[in-house]
Amino acid sequence: MSNKKEVIGAGALLPQITGDTVRVLVKAEQRKGAPFTVAHVAFLTKEGWLGPSSDARAFEGARAYVQQQSTMLRRQLAQQELSIAEKGLTKLEQELSNLQREKERMESSIEKAKQRAAEAVQEQERLVREHEELARKVGVQRKENADEPDAEGEKALAALLRSRASRKPRHAKAIAEEAGREEES
């Protein structure tokens with residue numbers, strides 16, 4: 001091999017050309033901008049170089065050999081391109097599948113956030129009703145304590161006030177959860 005574009009095969013046995021060994025010289029040339037490569041092939045036999053004026057059987061055998069090898073090479077290159085394209089397609093299909101799964105996860109997450117926001121609104125409403133009910137009970141208990149002061153009434157009033165105070169943080173938490181869920185959506 002003299003360089004990357006030139007190959008010399010010495011002692012090649014090609015029965016369709018001659019019974020003896022031959023020397024095959026191949027030079028590939030690709031011009032700038034050309035989508036194809038031109039291969040120059042020469043065969044050297046014991047009788048000399050093969051050409052159109054050589055033995056017709058040997059010349060046609062050489063022509064058939066070159067066509068057969070060219071077809072095999074084209075098929076091999078096409079197979080390589082097909083293999084590369086199939087790998088690329090597989091990779092793209094996998095990326096599409098991953099993106100679809102991620103989309104489904106995100107949609108599920110958004111739906112859950114909406115449900116939690118709705119639950120937070122319901123919790124707020126329930127806590128507001130409970131707070132109003134406790135405020136009403138505290139007012140009644142204070143009125144009873146003012147009319148008839150006793151230790152039992154003071155304990156009941158203190159319990160109602162504690163209960164009302166414990167519900168305030170839960171109400172604030174429900175408001176914060178709703179606001180947080182609405183921002184996520």
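The first residue in the sequence is number 1, and the count goes up from there.
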> Using links of under 4.5 Å between side-chain heavy atoms of ILVMFWY residues, direct or through other members, which residues join F36 in one cluster?
Replying inline: V38
> Do you know which two heavy atoms are closest between T37 and A28, and how far apart they sit?
Replying inline: CG2-CB, 3.9 Å
> Would you say S70's side chain and V66's backbone share a donor-acceptor pair under 3.5 angstrom?
Replying inline: yes
>> Is any side-chain heavy atom of T45 closer than 4.5 Å to one of L50?
In response: yes
> Picking from E102, Q100, Q94, R101, what satisfies side-chain hydrogen bond (donor to acceptor under 3.5 Å, both in side chains) with N98?
Replying inline: R101
>> I need the M72 CE to Q67 CD distance, nearest 0.5 Å.
In response: 13.5 Å
> Does F59 sit in a hydrophobic cluster with other residues, and if so which ones, taking ILVMFWY side chains as linked at heavy-atom separations under 4.5 Å, directly or through other members?
Replying inline: none
>> Listing request: all salt bridge (charged side-chain N to carboxylate O under 4.0 Å, His left out) pairs with a residue in residues 31-44, at least two apart in sequence or in separate chains.
In response: E29-R31
> OG/S97 to CG/L92 distance, rounded to the nearest 0.5 angstrom?
Replying inline: 12.5 Å
> Hydrophobic cluster mates of L127, side-chain heavy atoms under 4.5 angstrom, ILVMFWY only, any path?
Replying inline: none
>> What verdict does the side chain to side chain contact (heavy atoms under 4.5 Å, CB included) test give for L25 and F43, after you've listed the backbone C-alpha separation in whole Å, the side-chain angles of each residue and the deciding distance to 0.1 Å?
In response: CA-CA 6 Å; L25 293 95; F43 295 93; over 6 Å; no
>> If you apply the rule side chain to side chain contact (heavy atoms under 4.5 Å, CB included), what do you find for T71 with Q68, and how did you get there?
In response: CA-CA 5 Å; T71 303; Q68 177 189 15; 5.9 Å; no
> With a 4.5 Å heavy-atom cut-off, do I110 and K114 have their side chains touching?
Replying inline: yes
> Out of curiosity, K46 NZ to T21 OG1, how far, rounded to the nearest 0.5 Å?
Replying inline: 6.5 Å
> Any idea which heavy atoms bring L14 and V24 closest together, and the distance?
Replying inline: CD1-CG2, 4.0 Å
> Going through the distances and angles, do R129 and E133 end up as a salt bridge (charged side-chain N to carboxylate O under 4.0 Å, His left out)?
Replying inline: CA-CA 6 Å; R129 285 193 305 272; E133 180 65 25; over 6 Å; no
>> Taking salt bridge (charged side-chain N to carboxylate O under 4.0 Å, His left out) as the cut-off, I'd like each qualifying pair that reaches into residues 59-80, sequence neighbours left out, listed once.
In response: none
> Partners of E130 by salt bridge (Lys or Arg N to Asp or Glu O under 4.0 Å), sequence neighbours excluded?
Replying inline: R126, R167
> I84 versus E81: any side-chain heavy-atom pair under 4.5 Å?
Replying inline: no
> So, E107 and K103, do they make that salt bridge, N to O below 4.0 Å?
Replying inline: yes
